[in-house]
There are 2 protein chains.
Amino acid sequence: MKNKITLKELAKLLNVSVSTVSKALHDSPEISPKTVERVKELAKLHKYRPNPVAVNLKSSKSGTIGVIIPNIANTFFANVLSGIEARAQKAGLQVITYISNESLAREQQITEMLTSGFVDGVLIAISEETQRKKEYEHLFNLVDYDIPVVLYDRVNLDLPVDKIGIDDEHSFEDATRLLQTRGIEKIGIATSIHHLGVGKLRITGYRNALKDEKDFYIANSSKPDTLREKTRKLLVEDKVEAILCSDFESTMLVYRMAYENKIKIPDDLKVIGFINGDVARYLTPSISYVEQFPGEIGEEAVELLVDRIENRVAGKPPINKTIRTKLIHMESTGF
Amino acid sequence: MKNKITLKELAKLLNVSVSTVSKALHDSPEISPKTVERVKELAKLHKYRPNPVAVNLKSSKSGTIGVIIPNIANTFFANVLSGIEARAQKAGLQVITYISNESLAREQQITEMLTSGFVDGVLIAISEETQRKKEYEHLFNLVDYDIPVVLYDRVNLDLPVDKIGIDDEHSFEDATRLLQTRGIEKIGIATSIHHLGVGKLRITGYRNALKDEKDFYIANSSKPDTLREKTRKLLVEDKVEAILCSDFESTMLVYRMAYENKIKIPDDLKVIGFINGDVARYLTPSISYVEQFPGEIGEEAVELLVDRIENRVAGKPPINKTIRTKLIHMESTGF
DNA sequence: CTGAAAGCGCTTACAG
DNA sequence: CTGAAAGCGCTTACAG
């Protein structure tokens with residue numbers, strides 16, 4: 001039914017000009033109350049909605065923001081998106097979602113699109129491949145085009161834009177120290193993201209807390225089989241008393257391998273992971289984890305972006321925000 | 001830097017008209033090869049990109065599709081989104097994401113927005129509250145506005161639009177029969193989504209396979225505490241030999257409660273869940289599950305929508321597609 | 001082969 | 001208080 005009614009059609013029906021209708025709908029003081037009322041009544045009757053595309057063309061805004069997500073199957077990013085959507089909603093912005101699947105080429109393709117002015121700003125978590133190859137030209141290009149950019153989560157990059165991440169280094173430094181105060185000395189770390197900025201920082205945090213370099217036990221690989229073998233070594237041969245896991249894969253792998261090798265958590269092995277609470281609490285035993293507050297990261301990211309888009313912070317140097325994580329104790333630490 | 005260059009500016013630099021530039025960029029046969037070349041060269045030099053908003057205004061298309069997701073933290077929906085994004089990308093469509101958080105009010109707000117013409121079409125999985133209250137007017141309204149709609153996953157609703165879901169009923173009917181052929185008779189079902197269409201169908205499938213109504217053992221509640229108590233009864237008092245779990249929550253809960261009550265999986269209890277493989281395979285023991293192919297659901301949904309948008313199926317009656325699920329055996333069935 | 005004109009649906013400075 | 005005109009950046013039928 002109803003092909004959407006336009007301002008022009010409304011004007012004709014009312015026998016007034018298009019400008020009058022437009023102004024009336026915006027409650028302009030120029031228009032007589034009587035006219036305003038007539039216009040609004042008919043507009044309501046016909047369910048008039050201004051065509052957003054036309055409005056955008058006038059204002060040279062798109063009313064949308066873009067979000068680049070490396071991997072949506074990762075609950076962390078899914079929850080960040082949730083925060084982004086909620087906050088954008090309040091600001092009246094539409095969220096256009098792009099998934100890079102950790103691919104540099106795809107990320108380049110996306111940023112290339114975005115330079116054509118589809119969006120008023122972009123939130124980006126850099127893909128794994130991009131970080132590995134240190135190929136950032138497409139990101140600088142976006143900045144050159146004067147498109148506001150905010151980096152979230154994976155912020156370890158020298159781009160002059162606002163950033164919001166978590167306290168990766170502290171999270172594991174604190175966790176390590178906590179274990180030490182409980183008399184645990186032989187602590188290892190498992191990671192499949194040691195080549196990512198956030199991964200490096202988590203390792204650094206763990207390392208900072210060590211009393212001696214010989215206490216450094218690491219299982220690191222982005223290849224599942226290799227990580228499995230290295231983790232086995234840590235658990236079975238080195239017999240670490242506790243292990244920190246820097247990401248979902250390593251956490252689940254450690255959990256599973258303890259089971260396979262009949263290592264009792266938390267009696268023989270304490271575990272602290274980076275994992276979502278909705279999974280952690282159902283595990284057997286439940287796994288203590290670092291809560292990252294992804295929803296807040298998403299909301300804050302949008303706030304930073306909106307400030308830039310609306311030029312509230314024009315010319316101001318880039319802002320760096322850090323969300324404080326929280327260690328949530330479940331059964332796997334046994335405290 | 002570079003405030004984006006426009007057609008008009010390009011035309012001035014070249015001393016030709018705007019129309020000529022536009023045509024040249026579209027390889028119009030009306031324009032001389034020489035001019036085409038000159039235009040394209042300068043366009044490339046200035047990295048000219050047509051303003052998508054202006055193009056959209058002319059074509060009265062927005063070049064975007066909307067996706068309403070009930071709960072993005074659910075990996076199933078996250079993976080559907082991934083499929084949607086990939087397929088939309090190919091079609092040159094932008095994906096605007098809306099998250100209803102299972103709320104009717106939010107869903108109404110979203111559909112209300114969408115009637116103003118932000119998008120060329122919408123993919124919807126109906127929120128839980130919407131289904132519970134059977135409040136569908138806002139969806140019919142969308143259809144009245146001639147906005148193409150495709151329902152995905154939660155398709156149990158008499159709306160005259162294309163739909164794509166999974167074979168919910170068969171999935172659990174087959175699973176139940178399979179357990180029976182292995183000599184297991186006392187089979188229960190746990191569900192936190194019995195009030196959703198998909199949940200009802202899964203229960204129906206299970207029920208279809210039962211030889212006798214007295215074999216019907218169910219733990220159903222959307223309240224965690226109640227579900228926990230009912231599940232405990234099934235496992236500890238009724239001592240079912242196998243249990244089907246219709247969703248993530250019930251699967252994880254059963255897994256956890258078996259542990260708490262020292263019930264051995266799969267020796268004392270076989271388990272088949274609805275859960276994502278990336279979690280299932282790491283559990284101890286790993287849990288057999290119904291693979292739903294969320295990525296394909298997303299891709300197919302976009303395909304149906306694009307066909308409607310481009311009017312390739314104009315006037316044709318709604319299409320109903322069903323994706324066949326697959327039972328993936330892990331340790332929890334012990335076969 | 002090129003360009004002037006109209007138009008997509010809106011907003012707003014300007015004139016009356 | 002109301003309206004004609006210009007313009008946002010593009011496309012395209014029409015005239016030359």
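Each chain gets a letter, A, B and so on, in the order the sequences are listed, and its residues count up from 1.
Regarding B:Asn56, its CG atom lies at a distance of 13 Å from the P atom of C:dG9, rounded to whole Å. For the pair A:Asn51 CG and D:dC10 P, the interatomic distance rounds to 17 Å; values are reported in whole Å. Atom C1' of nucleotide C:dC10 and atom CG of A:Leu25 are separated by 11 Å, given to the nearest angstrom. Taking atom NZ of residue B:Lys8 and atom P of nucleotide C:dA4, one finds them 13 Å apart after rounding to whole Å. Rounded to whole angstrom, the span from the CD atom of B:Glu9 across to the C1' atom of D:dC10 amounts to 13 Å. The separation between A:Ile5 atom CD1 and C:dC8 atom P is 15 Å, rounded to whole Å. Rounded to whole Å, the distance from CG on B:Leu14 to P on C:dG3 is 10 Å. To the nearest angstrom, P of D:dC1 lies 20 Å from CG of A:Asn15.
Here the side chain of B:Ser17 is nearest to one of C:dC1, D:dC1, C:dG3, namely C:dG3.
A salt bridge is absent between B:Glu102 and B:Arg132: the closest approach of a Lys/Arg side-chain nitrogen to an acidic carboxylate oxygen does not fall below 4.0 angstrom. We find that B:Lys321 and B:Glu299 are not joined by a salt bridge, their nearest charged nitrogen and carboxylate oxygen being 4.0 Å or further apart.
A:Arg49 places a side-chain N or O within 3.5 Å of a backbone atom of B:Glu112 that can act as its donor or acceptor partner. Judged by distance alone, the side chain of B:Glu85 and the main-chain N or O of B:Val95 form no donor-acceptor pair under 3.5 Å. No donor-acceptor pair under 3.5 Å is formed between the side chain of B:Asp162 and the backbone N or O of B:Val150. Looking at A:Gln94, its side chain never comes within 3.5 Å of a backbone N or O of B:Ile96 through a donor-acceptor pair.
Residues B:Leu151 and B:Leu139 have side chains not in contact (no heavy-atom distance under 4.5 Å, counting atoms from C-beta outward). Put simply, the side chain of B:Asp158 does not reach to within 4.5 Å of the side chain of B:Tyr136, judged on heavy atoms.
Side chains of B:Asn56 and B:Ser62: a donor-acceptor N/O pair is absent below 3.5 angstrom, by distance only.
Rounded to a whole angstrom, the distance from the P atom of C:dG9 to that of D:dT2 is 25 Å. Here, C:dC10 and D:dC1 have their P atoms 25 Å apart, quoted to the whole Å.
Residue whose closest nucleotide on DNA chain D sits further toward the 5' end, between A:Pro33 and B:Leu57: A:Pro33.
No contact: A:Ser28 has no heavy atom under 4.0 Å from any strand. Contact annotation for A:Ser59: no contact, since no heavy-atom pair falls under 4.0 Å across all strands. Here B:Pro52 lies out of heavy-atom contact (under 4.0 Å) with every strand.
Remark: DNA chain D takes part in the stems C:1-3 with D:14-16, C:5-12 with D:5-12, C:14-16 with D:1-3, each of 3 or more antiparallel Watson-Crick or G-U pairs, criterion distances under 3.5 Å.
Contact between the side-chain N/O atoms of A:Thr35 and the OP1/OP2 oxygens of D:dC1 is not found at any separation under 4.0 Å.
Taken from CD in B:Gln89 to CD1 in A:Ile110, the straight-line distance is 7.0 Å, to the nearest 0.5 Å.
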### Task
Sugar-phosphate atoms are those with a prime plus P, OP1 and OP2; base atoms are the rest. Using that split, label each nucleotide of nucleotides 11-16 of chain C B, S or - for protein heavy atoms under 4.0 Å, 5' to 3'.
BBBB--

